[in-house]
Every structure is written in structure tokens, then in C-alpha cells.
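As the structure is a prediction and not an experimental result, all values here were calculated from the model.
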Amino acid sequence: MDLKRPLIDTPFSTWVYQYGLLGLGDVTLLDTVSVIVEGTLANVINVTVFHGGYMNWSMTGHTSNLNGGEFTFPGTAQIKADSQIHALSGLHAPGTPYRLTCGGLEVFGGGLLD
């Protein structure tokens, strides 16, 4: 599903399965919703996760034109209080590194990048 637009305040939680695609806005807001990425996340330049929202990544997940476990946000990634971006590991990806590339990264008090 490609919802490409300049700004999207994502109104629903989403699970992007392996080989699936979720295209969001250039500016994407995840307010109290979750996005679980096992497939492709597209179009996102700036992302803000807040009010308990979260994004979980798996080793098969990635942003457009990258390999599994690689995520790029050319603008800024913000994680605000009570919110998180979590790279799944353990049994699914023991010892495998993820790669996050972004123009800026802001983790506010109470936010978590794990």
C-alpha cells in the first residue's frame, strides 16, 4: 500500500509482512500507533514517533532499495517520550547488526532506540 504524500499522521497500526510494501509520507508521524516492518518502508524522509507509538524492525525489513536490516531516513528521526524504535533480535537475528542512517537523530527523555 503506497500512501505517498507530503505529510501523514498515520491513523492506524500496520504490520508490513516480508515482501510487502508500505509507502508513507515524506513527513511521517506515528502518534500512539505501531508499525512493524518485515518488508519495505518507502517514501519516509522525516519520522516522528510519539505518545506511545513504536516502530519494530526485523532483519527482513528495510527502507526502499536497501538490504534487510538497513533503514535510511534522509531527514530527521525523532523518538519522543514513551515511544520507541526497536530492532528485533534474539532468536530471529542473533548477533546480526542493523544499520540506521539519518540526517539527524533526536531521542527525547523517555524515548528509546533499541
Side-chain angles (χ1 to χ4, degrees):
M1 171 174 39
D2 193 347
L3 302 173
K4 180 158 178 53
R5 61 197 69 221
L7 170 75
I8 187 166
D9 185 355
T10 311
F12 47 80
S13 293
T14 308
W15 192 315
V16 185
Y17 290 102
Q18 188 173 4
Y19 308 113
L21 177 130
L22 175 63
L24 295 173
D26 296 344
V27 175
T28 294
L29 307 176
L30 301 177
D31 179 357
T32 68
V33 298
S34 62
V35 175
I36 299 170
V37 185
E38 293 180 352
T40 303
L41 181 63
N43 309 329
V44 181
I45 295 172
N46 298 289
V47 62
T48 301
V49 186
F50 61 112
H51 291 146
Y54 66 90
M55 185 182 302
N56 283 357
W57 299 338
S58 78
M59 280 309 301
T60 58
H62 56 90
T63 50
S64 297
N65 303 315
L66 295 176
N67 296 318
E70 297 181 356
F71 294 83
T72 294
F73 304 109
T76 300
Q78 295 182 321
I79 308 167
K80 297 191 175 185
D82 300 321
S83 302
Q84 66 178 315
I85 294 179
H86 180 71
L88 300 174
S89 58
L91 295 175
H92 302 288
T96 306
Y98 285 79
R99 182 183 317 200
L100 169 62
T101 305
C102 50
L105 175 64
E106 297 175 336
V107 181
F108 292 78
L112 176 66
L113 174 62
D114 179 25

Do you reckon Leu88 sits in the same ILVMFWY cluster as Leu113, going by side-chain contacts under 4.5 Å, direct or chained? yes
Would you give the length of the straight line joining atom CD1 of Ile8 to atom CG of Leu30, rounded to the nearest 0.5 angstrom? 9.5 Å
Under the rule for side-chain contact (heavy atoms from CB on, under 4.5 Å), what residues qualify as partners of Glu106, not counting sequence neighbours? Thr76, Gln78, Phe108
For the residue pair Tyr19 and Thr60, establish whether any side-chain heavy-atom pair is separated by less than 4.5 Å. no
Assigning hydrophobic clusters by single linkage (Ile, Leu, Val, Met, Phe, Trp, Tyr; side-chain heavy-atom cutoff under 4.5 Å), is Val107 placed with Val47? yes
Roughly how far, to the nearest 0.5 Å, is CD of Gln84 from CG of Asn56? 6.5 Å
Got Val44 and Thr63 here, is their nearest side-chain heavy-atom distance under 4.5 Å? no
A side-chain contact here means heavy atoms from C-beta on lying under 4.5 Å apart; do Trp57 and Ile85 qualify? yes
Which heavy atom of His51 sits nearest a heavy atom of Asp31, and at what distance? ND1-OD1, 2.9 Å
Under 3.5 Å, side-chain donor or acceptor atoms of residues 32-43 against the rest of the protein: list the pairs with distances, not counting sequence neighbours.
{"unit_1": "Ser34", "atom_1": "OG", "unit_2": "Ser13", "atom_2": "OG", "d": "3.3"}
{"unit_1": "Glu38", "atom_1": "OE1", "unit_2": "Trp15", "atom_2": "NE1", "d": "3.4"}
{"unit_1": "Glu38", "atom_1": "OE2", "unit_2": "Trp15", "atom_2": "NE1", "d": "3.4"}
{"unit_1": "Thr40", "atom_1": "OG1", "unit_2": "His62", "atom_2": "NE2", "d": "3.2"}
{"unit_1": "Asn43", "atom_1": "ND2", "unit_2": "Asp2", "atom_2": "OD1", "d": "2.8"}
{"unit_1": "Asn43", "atom_1": "ND2", "unit_2": "Leu24", "atom_2": "O", "d": "3.3"}

The remaining residues in the hydrophobic cluster of Leu7, counting side-chain heavy-atom contacts under 4.5 Å among Ile, Leu, Val, Met, Phe, Trp and Tyr, are Val27, Leu29, Phe50
Kindly give the heavy-atom pair with the smallest separation between Ala77 and Cys102, and that separation in Å. CB-SG, 4.5 Å
Working to the nearest 0.5 angstrom, can you tell me the gap between Leu22 CG and Thr14 OG1? 5.5 Å
OG1 (Thr10) and CE (Met55) are apart, to the nearest 0.5 Å, by 8.0 Å
Value for CZ (Phe73) from CG (Asn46), rounded to nearest 0.5 Å, stands at 10.0 Å
Treating Tyr98 as the side-chain partner and His86 as the backbone partner, does any N or O pair qualify as donor plus acceptor under 3.5 Å? no
